Amino acid sequence: MDESELRLLELIAARMCHDLVGPVGASVNGAELLAEGEAADAEVVRLIGQSARQASRRLQVFRVAYGTPGALSGGRPFAQAGQLLAAMLEGEKASVDWQVDAALDAACGRVGARLALLVALIGVEALARGGVLRVSGAVSGAHATIEAQAAGPNAKFPDETAAALRGSIPIAQMTAKAAPAELARRLAAAAGGGLTLAETPEGPVLRVTIAADLSS
């Protein structure tokens with residue numbers, strides 16, 4: 001493992017902790033209230049459950065997006081990836097419209113589905129004011145293409161995330177905020193393809209092209 005890979009691991013770990021500290025902390029605070037005699041407060045119990053579910057759903061997405069493709073089932077990995085993201089976004093300002101058909105399951109399997117989930121997770125960052133993330137895919141010849149378009153009010157990626165997606169920021173200068181984008185760029189290259197970021201009137205589009213023979 002070189003210094004660059006070690007730095008990326010550190011940044012991903014920091015990003016995961018940042019995204020989990022909110023719901024986990026809310027669950028702990030609620031439990032402390034119950035311990036202080038608020039056991040009959042239905043609102044406290046509801047908030048604990050809500051925060052615990054949010055933390056659990058985020059962990060399930062992170063396990064796949066930041067972990068290994070093996071965390072997805074072998075049958076319909078793309079559908080499973082879409083369900084995980086939709087569950088994580090339940091009740092949030094942003095939602096996902098997952099339009100990836102079974103052709104990609106056969107073409108690039110769990111490797112492609114893991115990358116699609118990671119790209120979609122990054123795409124949600126462009127929807128700070130809410131909106132819809134449209135995820136689609138197609139197979140053409142020896143390659144598969146996955147697109148994630150963020151459509152919403154002032155949909156835009158943070159500058160550092162956009163720079164990481166384009167590969168224009170050294171990892172030594174990167175913060176945890178842009179780590180998922182750097183990981184996606186590297187995974188796309190390792191899968192025989194690449195990642196591009198384009199601007200459209202509706203919002204930014206992330207496009208990933210990978211080899212269509214990754215069916216494991």
Side-chain angles (χ1 to χ4, degrees), residues 1-21 23-24 52-89 96 98 100-125 133 135-137 139 142-148 161 164-165 167 171 174-196 206-216:
M1 180 182 297
D2 62 26
E3 186 175 344
S4 172
E5 292 172 333
L6 179 59
R7 172 64 175 163
L8 182 56
L9 283 175
E10 292 172 343
L11 292 174
I12 289 293
R15 176 60 189 265
M16 288 178 63
C17 291
H18 174 273
D19 289 349
L20 288 170
V21 70
V24 171
R53 285 190 295 273
Q54 186 181 48
S56 176
R57 289 166 179 172
R58 287 187 185 185
L59 276 170
Q60 290 180 63
V61 169
F62 295 167
R63 179 177 175 233
V64 175
Y66 301 143
T68 64
L72 290 167
S73 64
R76 298 182 60 202
F78 275 88
Q80 185 184 358
Q83 290 164 3
L84 288 172
L85 186 62
M88 192 192 83
L89 294 176
V96 62
W98 192 273
V100 184
D101 63 31
L104 270 80
D105 287 328
C108 45
R110 289 180 289 188
V111 173
R114 179 266 186 106
L115 188 51
L117 180 58
L118 176 56
V119 166
L121 185 61
I122 296 165
V124 173
E125 292 185 28
L133 185 74
V135 183
S136 60
V139 180
H143 289 86
T145 300
I146 300 160
E147 288 190 354
T161 298
L165 290 169
I171 194 165
M174 196 176 294
T175 69
K177 188 174 190 66
E182 175 69 13
L183 177 62
R185 192 178 63 81
R186 293 188 182 204
L187 288 176
L195 185 153
T196 59
L206 278 178
R207 183 176 294 110
V208 181
T209 302
I210 60 177
D213 57 356
L214 305 170
S215 57
S216 61

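Predicted, not measured: the structure shown is a model, and the values here were computed from it. Residue numbers start at 1 and run along the sequence shown.
- Closest of all the heavy-atom pairs between V100 and G137 is CG2-N, 4.2 Å.
- Remark: E182 engages R186 in a salt bridge, criterion side-chain N to carboxylate O under 4.0 Å.
- When all heavy atoms of A120 and V135 are compared, the pair lying nearest together is CB-CG2, 4.0 Å.
- Using modelled atom types, one side-chain atom of E5 and one backbone atom of D2 make a donor-acceptor pair closer than 3.5 Å.
- Taking OG from S136 and CZ from R207, the interatomic distance works out to 9.0 Å, rounded to the nearest 0.5 Å.
- Of the candidates Q80, R110, R114, R114 is the only one forming a side-chain contact (heavy atoms from CB on, under 4.5 Å) with V64.
- In plain terms, the two heavy atoms of W98 and G82 that are nearest each other are CD2-CA, 3.4 Å.
- A 4.5 Å side-chain heavy-atom check between L20 and R58 finds at least one atom pair inside the cut-off.
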Please determine whether side-chain contact (heavy atoms from CB on, under 4.5 Å) holds for the pair Y66 and V61, giving the CA-CA distance in whole Å, both sets of side-chain angles, and the decisive distance to 0.1 Å. CA-CA 8 Å; Y66 301 143; V61 169; over 6 Å; no
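- When every heavy atom of A144 is checked against every heavy atom of A212, the shortest pair comes out as N-CB, 3.9 Å.
- Judged by distance alone, the side chains of R185 and T196 never bring a donor and an acceptor atom under 3.5 Å apart.
- Distance check: Q54 CD to L59 CG gives 11.0 Å after rounding to the nearest 0.5 Å.
- Taking the side chain as every heavy atom from C-beta outward, L121 and P180 never approach each other to under 4.5 Å.
- Residue R57 places its CZ atom among more than 12 non-hydrogen atoms of other residues, nucleotides or ligands, all under 6.0 Å distant.
- Looking at I171 and L11, their side chains come closer than 4.5 Å, going by heavy atoms from C-beta outward.
- A side-chain donor-acceptor contact under 3.5 Å links D105 to the backbone of F78.
- Contact of the V208 side chain with the T145 side chain is not registered, since no non-hydrogen atoms from C-beta on lie closer than 4.5 Å.
- The minimum heavy-atom distance linking P77 with G109 is given by the pair CG-C, 3.8 Å.
- The CG atom of L195 lies 7.5 Å from the CG atom of L115; values are rounded to the nearest 0.5 Å.
- At least one side-chain heavy atom of L183 sits under 4.5 Å from a side-chain heavy atom of I12.
- Closest non-hydrogen pair, L72 versus A113, comes out as CD1-CB, 3.6 Å.
- At least one donor-acceptor pair under 3.5 Å links the side chain of R15 to the backbone N or O of K177.
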